[in-house]
Amino acid sequence: MTMPLPTLIRTRREAIIERFVGELRRRSSAARDMPKPLIINSLPSFLDEVATSLENGSSTSAGDEAAREHGEMRWENGFDLDVMVREYGVLRRSILREIQESGITPKLSDVEALSERVDAGIAKAVSEHTRLQIEALDAERKRTELERGKSGSLLAQAPAPICLLQGADLVFELANPLFCQMVGRDDLLGKPLVEAVPELRGQALHAQLESVMASGKPSVASEIPVRIAHWTGELVERIYNVLCKPVCDVSGAVEGVMVTAFEVTEQIGARRKAERLALELQQSVAQRLRAEQALRVNEERFRKALRGSPVMVFNQDRELRYTWMHNSFGKSEREVLGKTDAEVLEDPEAARSLDRVKREVLSSGVGQRREIALHTAGRTQHLDISIEPLTDDAGEIIGITCTATDITERKSIEQALRASEARFRTVQEASPDGFMILRSVRDPSGAISDFEWVYVNPATGPIVGGRGKDLEGKRLSVEMPGSSLACAFATYARVVETGEAARVELFCAHEGAPQTFRAIAVALGDGVGISFHDITEQKRTEAERVQLLEQEQRARQHAEQLNRLKDEFLATVSHELRTPLQSILGWARILRTGEVDTESLERGLATIERNAKAQSQLIEDVLDASTIIAGKLQLRTDPVDVRQVLATALDLVRPAALAKGVTVNAWVVDDVGIFLGDADRLQQIVWNLLTNAVKFTPSGGHVRVGARRVDATLEVEVEDNGEGIPKSFLPFLFERFRQADGGMTRAHGGLGLGLAIVRHLAEAQGGTVNAESDGEGKGARFRVRLPIRAEAQAALPSPQRRGSDSPGGSTRRVLEGIRVLVVDDETDARELLGIIFVRAGAAVREAASAGAALEALREGEFDVLVSDIGMPGEDGYAMMRRLRAMGTEVTASGIPALALTAYTRMEDRRQAIAAGFQMHLAKPIEPNSLVTAVAHLVGRAGNRGSWP
């Protein structure tokens with residue numbers, strides 16, 4: 001599509017303008033918020049002029065008028081050249097983008113002509129903008145020179161420090177007297193700043209001046225400190241508000257800085273210390289009022305200083321009518337000037353009071369200071385008023401000058417502080433915690449040398465030895481030297497100097513009772529507040545907790561050790577019980593083949609018997625240990641023949657000693673006699689010691705056992721020349737499950753219970769046991785001491801718990817004609833008992849359960865009942881209770897009964913007797929012992945037989 005470029009510009013002029021406005025707002029922050037008409041300016045005229053020049057083919061000067069007008073408008077609107085040039089670039093891109101989107105391909109010559117005319121417009125606009133800028137600079141330069149001429153004379157009279165610094169080195173060109181006074185030098189002109197006033201280098205003022213020179217922008221700095229060297233060499237710091245304005249040449253380049261400083265040191269001090277400022281202002285006002293001429297000269301400067309100040313200042317004549325005021329009672333000058341207090345104040349009483357005081361000042365010429373309360377509209381305002389006489393040059397009193405400070409807030413604060421102090425004292429007086437305030441006492445060098453009590457509450461009594469309020473005003477080192485409280489002096493001093501709180505613990509004894517206090521010290525001004533909390537009970541609890549923790553740790557270690565010993569013991573029990581089983585089972589299977597000779601048969605039977613006894617002994621030791629641990633060991637007290645006990649124990653251990661090749665000898669002193677005790681337990685002690693000695697004595701060694709009487713003590717001694725005992729193991733020798741060689745590679749069997757049982761049995765009878773050894777390979781000696789409680793010349797020994805059934809002896813059938821009912825759910829056990837009783841001459845019937853036994857008792861007649869306890873369905877206890885409960889309906893309900901069971905605890909025996917059994921025997925039992933027990937039950941106790 002072909003369309004002349006001028007036509008395109010005219011027809012799409014509005015679209016070009018809209019595109020130009022949108023693009024310029026996106027690219028220029030100056031135009032972003034500018035109204036559209038101001039952005040467009042003379043653009044429509046410029047586009048029309050460009051289109052006309054393209055049609056006519058005229059020179060590039062076409063559109064100059066619109067461009068000149070554009071440059072003028074942009075100058076008036078404050079645009080700089082860079083923004084204006086970017087505008088023409090945006091216009092060029094907008095026209096070209098519109099051409100592209102219209103689908104028209106203009107001639108290259110037309111595009112070039114368009115660019116030339118736009119460039120010409122830029123040049124014209126820039127030229128007009130520059131011309132206006134130069135004219136403005138010239139006008140400014142002329143105005144500046146005129147003002148500089150005027151300001152030269154005014155500079156000296158300026159009420160503030162002012163100077164003019166020129167060039168990059170900031171050379172003093174002008175400096176008024178106040179500025180010279182400010183820096184303490186009067187030879188500034190012509191010198192660079194850092195040379196004339198070197199101490200300004202690096203300060204905030206110096207940095208501000210360099211920033212203005214670099215940026216060309218004015219700078220206002222508020223409340224900056226300026227440190228100037230005094231003639232004594234000391235740096236004196238004052239605070240100023242500083243205005244720095246750049247001074248430019250005709251080209252706009254920064255050639256210097258005009259500095260105006262307003263000192264605000266006193267105002268800053270006033271904000272920090274209001275009361276001090278009020279007093280200084282009052283003194284300053286009174287001094288200025290006494291010099292009326294100086295007041296008139298400096299009145300404007302004084303007003304500026306007071307501007308923004310909350311202090312009220314006013315003058316009154318001799319008729320007490322207001323002649324001058326600043327901020328009086330929140331009223332305007334029209335409402336105050338020319339009037340009296342009675343006309344100004346809404347509180348008549350306050351007006352009369354002020355009138356009276358002011359007239360006293362007028363008559364006496366002596367200033368006064370008063371606090372008054374103004375009651376206005378339900379609000380009370382407190383004022384601190386200073387009234388001074390105002391004199392003329394001749395010294396005559398012409399009126400008064402007053403300064404008033406609103407102290408309503410201070411009064412409220414003071415009242416709140418008094419209330420707070422009262423609450424503090426109330427709380428502290430009733431507090432269970434001690435509290436005191438100490439004020440620092442300093443030496444001439446300023447160091448803290450002591451502390452003085454300011455406040456002491458009653459709860460502090462124990463810390464200060466029962467004293468209290470009498471300590472207030474007295475010194476710590478004098479009243480309590482060497483005390484725990486005084487010893488923390490360095491801590492209190494550090495708290496005061498650093499402001500950091502500290503914690504200390506103090507110890508004291510009040511009324512003979514030691515106490516511990518946790519003290520928290522905090523800085524209170526030039527002193528320290530100390531709060532004391534009694535932690536005596538807490539400390540005691542912590543100590544007890546630590547002790548309990550240590551006990552718990554020891555108990556846990558002991559439990560862990562016992563647990564290890566238990567594991568080792570269980571492994572040992574398993575090993576020790578399985579070892580004899582191996583021999584028993586092995587020989588039993590060999591003998592069942594029937595292919596053995598007489599010698600092998602005897603050896604096999606002896607092996608089976610020996611290992612069965614060993615296994616029975618292991619079980620017996622475990623049961624004894626369990627009884628001892630449970631605290632249920634029961635002892636009998638009968639006359640005991642010590643010789644017989646030793647002989648029986650020797651008989652029991654001799655077969656094992658002969659088999660190992662160890663010689664066992666016994667000796668008994670003649671006067672040992674008979675003592676009251678438990679024969680079974682004494683025999684068990686001796687037998688365990690002998691068994692232990694034989695076990696640890698090698699073949700060819702010897703063991704000696706003997707008994708003697710030492711005063712009222714029976715002393716039994718077992719000595720061997722065997723392996724001995726390591727010194728390190730002696731303290732643990734009598735502990736349960738402890739063995740010197742306790743691993744899988746140990747050389748000797750056993751459960752580690754024998755010696756522990758010996759110790760418990762000896763201690764249960766009031767005795768002791770101890771062991772001695774000279775070391776490994778040097779044998780050992782065990783000595784048991786038991787008290788002899790009573791003696792008897794002749795007494796029957798108690799039945800022996802571990803009696804030996806001799807294989808020989810009479811084969812009399814002591815149960816001839818006796819009818820025995822055997823009850824046991826185990827077939828092997830029933831058959832064995834049947835064989836034992838049949839060989840003793842009895843007639844035997846067997847029953848496999850409690851029900852079968854009761855049925856047999858109903859059907860037949862029996863002389864004795866021998867029954868197991870643990871049976872399925874119904875146990876022996878229940879069976880016996882049912883039998884006894886039958887009464888006369890069953891003839892056998894009163895039959896003598898013997899419980900033969902593996903339940904061997906004392907409570908098992910009591911339960912059996914309570915159920916109706918007359919006798920309780922533990923499995924396994926020797927045949928002869930069983931036959932003898934049954935014979936006792938049926939009245940044939942005198943016919944003691946032996947197992948064939």
Side-chain angles (χ1 to χ4, degrees), residues 266 270 273-307 309-377 379-411 414:
E266 301 302 329
K273 298 182 179 179
E275 291 183 1
R276 179 179 173 185
L277 173 63
L279 180 60
E280 291 175 355
L281 286 174
Q282 291 166 9
Q283 293 173 347
S284 176
V285 170
Q287 183 179 358
R288 289 190 177 100
L289 289 175
R290 285 191 296 268
E292 184 177 354
Q293 184 62 33
L295 177 63
R296 286 194 297 269
V297 174
N298 296 294
E299 183 175 348
E300 185 61 27
R301 183 170 57 185
F302 178 67
R303 284 181 176 274
K304 291 181 180 179
L306 288 177
R307 189 170 299 152
S309 172
V311 178
M312 294 185 291
V313 183
F314 50 88
N315 292 344
Q316 290 174 286
D317 59 19
R318 290 193 62 85
E319 301 302 322
L320 297 180
R321 295 185 180 277
Y322 288 91
T323 59
W324 179 87
M325 59 159 284
H326 167 72
N327 196 27
S328 288
F329 308 106
K331 298 179 181 293
S332 66
E333 291 185 351
R334 185 177 59 82
E335 296 175 297
V336 175
L337 294 182
K339 298 180 180 180
T340 64
D341 288 328
E343 298 170 311
V344 172
L345 301 179
E346 300 176 18
D347 186 344
E349 182 62 32
R352 286 193 294 271
S353 176
L354 279 174
D355 184 89
R356 184 172 55 257
V357 174
K358 290 174 181 178
R359 292 192 182 280
E360 290 177 2
V361 173
L362 286 172
S363 62
S364 66
V366 179
Q368 294 190 31
R369 184 173 180 177
R370 291 284 191 276
E371 286 187 9
I372 66 168
L374 295 180
H375 304 285
T376 306
R379 176 179 176 271
T380 300
Q381 181 182 20
H382 294 273
L383 296 176
D384 182 1
I385 297 182
S386 177
I387 307 170
E388 295 291 337
L390 184 63
T391 61
D392 59 12
D393 294 338
E396 293 293 329
I397 298 176
I398 60 174
I400 59 170
T401 181
C402 303
T403 58
T405 304
D406 190 340
I407 59 171
T408 305
E409 184 177 356
R410 190 186 74 186
K411 282 286 187 180
E414 289 176 352

[Y] side chain reached by [X] side chain, heavy atoms, under 4.5 Å:
X	Y	value
L354	L345	yes
L383	I407	no
R410	H382	no
L337	M325	yes
L362	L320	yes

Quiz prompt | Verdict with supporting geometry, I387 and R370, side-chain contact (heavy atoms from CB on, under 4.5 Å) | solution = CA-CA 8 Å; I387 307 170; R370 291 284 191 276; 5.5 Å; no

Shortest non-hydrogen contact between [X] and [Y], atoms and distance:
X	Y	result
G365	P389	O-CG, 3.3 Å
V313	T403	CG2-CG2, 4.0 Å
Y322	K358	OH-NZ, 3.9 Å
T380	H375	OG1-ND1, 3.0 Å
V344	K339	CG2-CB, 3.9 Å
E388	V361	C-CG1, 4.0 Å

Quiz item: Does the side-chain contact (heavy atoms from CB on, under 4.5 Å) test come out yes or no for I397 and T391, once each step is laid out?
Solution: CA-CA 4 Å; I397 298 176; T391 61; 4.0 Å; yes

Practice problem: Mark yes or no for whether D384, through its side chain, and T405, through its backbone, hold a donor-acceptor pair below 3.5 Å. | Solution: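 Pair absent, no side-chain N/O of D384 close to backbone of T405.
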
Once rounded to the nearest 0.5 Å, what's the spacing between atom [atom1] of [X] and atom [atom2] of [Y]?
X	Y	atom1	atom2	answer
I385	M312	CD1	CE	6.5 Å
N315	R321	CG	CZ	16.0 Å
E409	Q381	CD	CD	12.5 Å

